Amino acid sequence: FLGVVGRAVDQVQAAIAALHSEAPSWPETDWEEIVALYSLLLTFQPSPVVRLNRAIAIRHLAGPAAALTEVETVAPDLDSSHLLHATRAELLHDLRRGEQAALADEAVRSRQAVKHVDSDFDVGLFQQLVRRVKGRRSCPDDRNPEWRRRSQELISCVCSVSIWPA
């Protein structure tokens, strides 16, 4: 039975990845189907990380407010995760909730979420994200393809669902 579930998880994740790779452009991604697939994935793999990934996809389907509602439900389970705090900060920034975004930024720093990243390069990305949250929407390296790629890896779900449009 566990082998069947493992294969189902792999197939759902592959379907999500396929939808991303087959989309002609970021805005034309089938976010409704991706959210549905994450909902299905939750039946096989009910984890906070999958719920966070689903919330990120919801952002593209229903907007940052709906995504933030979902993110708040996983916050207790992922409190030490830099991905949770960075996602939350970005959503609050999108909602133009400056004071709350500043608090989320502080949560990233005070909980030392940067410790959870893998390299000095990722720490630099986090510092740039903090500048974005503080109101400087454009970072010095924002147009750098490597920065964009790694930031999407840092603040994305398992199948590269980015919270920033390409």
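Values below: every heavy atom of this structure, side chains too, minus hydrogens, waters and symmetry copies. Everything quoted here is computed from the prediction, not taken from an experiment.
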Visitor: Which pair of heavy atoms, one from A67 and one from I58, lies closest together, and at what distance?
Guide: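 For A67 and I58, the tightest heavy-atom pair comes out as N-CG2, 3.8 Å.
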
Visitor: So which atom in I34 and which in T29 form the shortest heavy-atom distance, rounded to 0.1 Å?
Guide: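 Looking at all heavy atoms of both residues, the shortest contact is CD1-CG2, 3.5 Å.
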
Visitor: So, do L41 and R54 sit near enough that their side-chain heavy atoms are less than 4.5 Å apart?
Guide: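 No, every pair of side-chain atoms sits at 4.5 Å or beyond.
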
Visitor: Can you label the angle between the H60 ring and the W26 ring as parallel, tilted or perpendicular, going by 30° and 60°?
Guide: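 Rings of H60 and W26: perpendicular, as their planes differ by over 60°.
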
Visitor: Give, for atom CG of N53 and atom CG of L37, the distance between the pair rounded to the nearest 0.5 Å.
Guide: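 So the CG of N53 and the CG of L37 are separated by 12.5 Å.
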
Visitor: Return yes if a side-chain donor-acceptor contact under 3.5 Å exists between E90 and T87, otherwise no.
Guide: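 Not at all, the side chains of E90 and T87 share no donor-acceptor pair under 3.5 Å.
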
Visitor: For the pair Q45 and Q13, evaluate side chain to side chain contact (heavy atoms under 4.5 Å, CB included) and give the outcome as yes or no after the intermediate values.
Guide: CA-CA 11 Å; Q45 192 177 40; Q13 289 176 340; 3.8 Å; yes

Visitor: Just how far is it from atom CD1 of I16 to atom CD of Q11, taken to the nearest 0.5 Å?
Guide: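 Between atom CD1 of I16 and atom CD of Q11 there are 12.5 Å.
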
Visitor: Contact between Q100 and H93 at the side-chain level, heavy atoms closer than 4.5 Å - yes or no?
Guide: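 SC-SC contact between Q100 and H93 ruled out.
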
Visitor: Pick out which of V74, L52, V71 makes a side chain to side chain contact (heavy atoms under 4.5 Å, CB included) with R88.
Guide: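 When V74, L52, V71 are each tested with R88, the side chain to side chain contact (heavy atoms under 4.5 Å, CB included) holds only for V71.
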
Visitor: Using every non-hydrogen atom in the two residues, find where S47 and L42 come nearest and quote the distance to one decimal.
Guide: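 In this case the closest contact between S47 and L42 is O-CD2, 3.9 Å.
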
Visitor: Show your reasoning for whether side chain to side chain contact (heavy atoms under 4.5 Å, CB included) applies to E32 and D30.
Guide: CA-CA 6 Å; E32 188 172 351; D30 190 349; 3.9 Å; yes

Visitor: Nearest 0.5 Å please: distance from the CG atom of D94 over to the CG atom of L68.
Guide: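 Separation between the atoms: 10.0 Å.
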
Visitor: Could you check whether any side-chain N or O of T43 sits under 3.5 Å from a backbone N or O of S39, counting only pairs where one atom can act as donor and the other as acceptor?
Guide: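 The answer is no, because no donor-acceptor pair under 3.5 Å joins these two groups.
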
Visitor: Determine whether R51 and E70 make a side-chain contact, defined as any pair of heavy atoms from C-beta on separated by less than 4.5 Å.
Guide: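 With C-beta onward as the side chain, the pair stays apart.
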
